[in-house]
Amino acid sequence: MSQTVTPNPATTLSNPGIEIPSSSPIGEFTQETLALTKRLFIQLQRRPSTLIAGVIQPLMWLILFGALFQNAPQGMFGESVNYAQFLGAGVIVFTAFSGALNAGLPIMFDREFGFLNRLLVAPLSTRFSIVVASAIYILLLSLIQTAVIVTAGAFMGAGLPGGLGLGAIAFITLLLVLGVTGLSLGLAFALPGHIELLAVIFVINLPLLFASTALAPLSFMPKWLQVVATLNPLSYAIEPIRYLYLHSDWTLGSIVMEAPWGEVSFGGALGILAGFAAVALLSIQPLLRRTFA
């Protein structure tokens with residue numbers, strides 16, 4: 001007499017033949033998120049050009065811009081010993097920002113190819129695991145790219161912060177990436193197709209770079225651009241990282257930026273980044289609820 005075995009819905013996304021017990025909603029959510037994250041890394045393994053390009057581009061920025069300003073007078077860029085040391089923080093932040101801005105593309109392609117609809121009708125404990133998996137994927141990629149840039153910058157004369165400083169760089173990068181990833185995922189669900197999403201990315205990518213302190217200090221900018229740069233969340237990630245490269249005795253009360261409206265401390269910059277991430281994630285919640293309803 002044969003028996004029909006009904007698979008556990010919580011294991012439908014796991015590897016065939018491997019059943020991981022998940023008796024609680026948290027266990028099911030964790031298993032689904034890990035399975036969806038693994039899927040994204042399998043896609044990256046099959047098409048590694050995304051990661052390769054994401055590493056080569058910032059290295060070219062470091063090499064070309066560093067060579068362009070290598071004969072600049074010492075002290076022209078504040079306390080930096082050379083332009084590579086000044087530019088390193090900007091390249092780290094802009095690389096993380098660009099990767100996070102592209103976070104919505106995998107979701108958008110899943111929408112267009114119909115895979116997202118399959119996930120939405122799958123017996124998931126919560127559909128928010130789809131979004132969390134994409135965020136984890138982008139965060140891990142950003143950390144990999146940041147590690148490469150920090151290492152390359154050390155060889156190019158930018159120096160290397162201490163262990164606590166490296167941890168602070170990782171934390172700052174994660175705060176920025178979390179906020180930008182949330183906005184990108186929101187756009188992926190709000191816009192009709194990948195053409196529109198790519199258009200938005202192209203429109204805001206470089207303007208946000210040049211309207212920040214990535215390439216030049218605030219003192220070099222006209223007054224109106226200084227105001228714009230202090231409204232740009234990238235500046236609040238760049239300046240603390242730059243301060244870490246220049247000062248080993250940093251504290252949360254250290255002043256990292258002289259904005260037109262006042263001084264910004266290290267802790268204040270972290271608070272602004274945390275607020276930006278919170279606002280970005282909260283702003284996409286209604287859209288996600290409508291999509292997953």
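Just so it is clear, the values below take in all heavy atoms, side chains as well, and ignore hydrogens, waters and symmetry mates. By convention here, the first residue in the shown sequence is residue 1.
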query = For Gly104, does its backbone N or O pair with a side-chain atom of Ser184 as donor and acceptor, under 3.5 Å?
reply = yes
request  = Check whether any side-chain N or O of Glu112 sits under 3.5 Å from a backbone N or O of His194 as a donor-acceptor pair, and report yes or no.
outcome  = yes
Arg111 (side chain) donor-acceptor with Gly193 (main chain) under 3.5 angstrom = no
key: Close side-chain approach of Leu215 and Phe220, heavy atoms under 4.5 Å   = no
key: Glu239 side-chain N/O to Tyr236 backbone N/O, donor-acceptor pair under 3.5 Å   = no
query = Taking side chain as C-beta onward, heavy atoms only, is Leu40 less than 4.5 Å from Ser134?
reply = yes
task = Check whether any side-chain N or O of Ser283 sits under 3.5 Å from a backbone N or O of Ala280 as a donor-acceptor pair, and report yes or no.
result = yes
remark   = Value for CG (Leu59) from OG1 (Thr151), rounded to nearest 0.5 Å, stands at 10.0 Å
ask   = Ile130 versus Ile107: any side-chain heavy-atom pair under 4.5 Å?
value = yes
ask   = For Ser49, which residues count as a side-chain hydrogen bond (donor to acceptor under 3.5 Å, both in side chains) partner, sequence neighbours excluded?
value = none
Close side-chain approach of Leu178 to Leu273, heavy-atom, < 4.5 Å = no
task = Consider only side-chain heavy atoms of I, L, V, M, F, W and Y, link residues closer than 4.5 Å, and tell whether Met108 and Ile195 are in one cluster.
result = no
request  = Nearest 0.5 Å please: distance from the CD1 atom of Ile136 over to the OG1 atom of Thr37.
outcome  = 4.5 Å
With Thr146, the side-chain contact (heavy atoms from CB on, under 4.5 Å) member among Ile169, Val91, Leu166, Leu141 = Ile169
Spatial distance of atom CG (Leu209) from atom CZ (Phe97) [nearest 0.5 Å] = 9.0 Å
key: side-chain contact (heavy atoms from CB on, under 4.5 Å) partner of Phe94, chosen from Ile238, Leu87, Leu206, Ile149   = Leu206
task = Check whether any side-chain heavy atom of Lys38 sits under 4.5 Å from a side-chain heavy atom of Ile42, and report yes or no.
result = yes
ask   = Hey, is CD1 on Ile26 packed in by over 12 heavy atoms from elsewhere, all under 6.0 Å?
value = no
key: Residue pair Leu287 / Arg290, side-chain heavy-atom distance below 4.5 Å   = yes
query = Can you check whether Phe276 reaches Val279 side chain to side chain, under 4.5 Å on heavy atoms?
reply = no
For Ser212, the option from Asn232, Val93, Thr230, Leu231 that meets side-chain contact (heavy atoms from CB on, under 4.5 Å) = Asn232
request  = Rounded to the nearest 0.5 Å, what's the gap from CD1 on Ile138 to CG on Leu143? Could you check?
outcome  = 11.5 Å
Linked, directly or transitively: Leu282 and Val177 (ILVMFWY side chains, under 4.5 Å) = no
message = Within the 3.5 Å criterion, strictly below it, is a donor on Ser254 or Thr251 matched to an acceptor on the partner's side chain?
response = yes
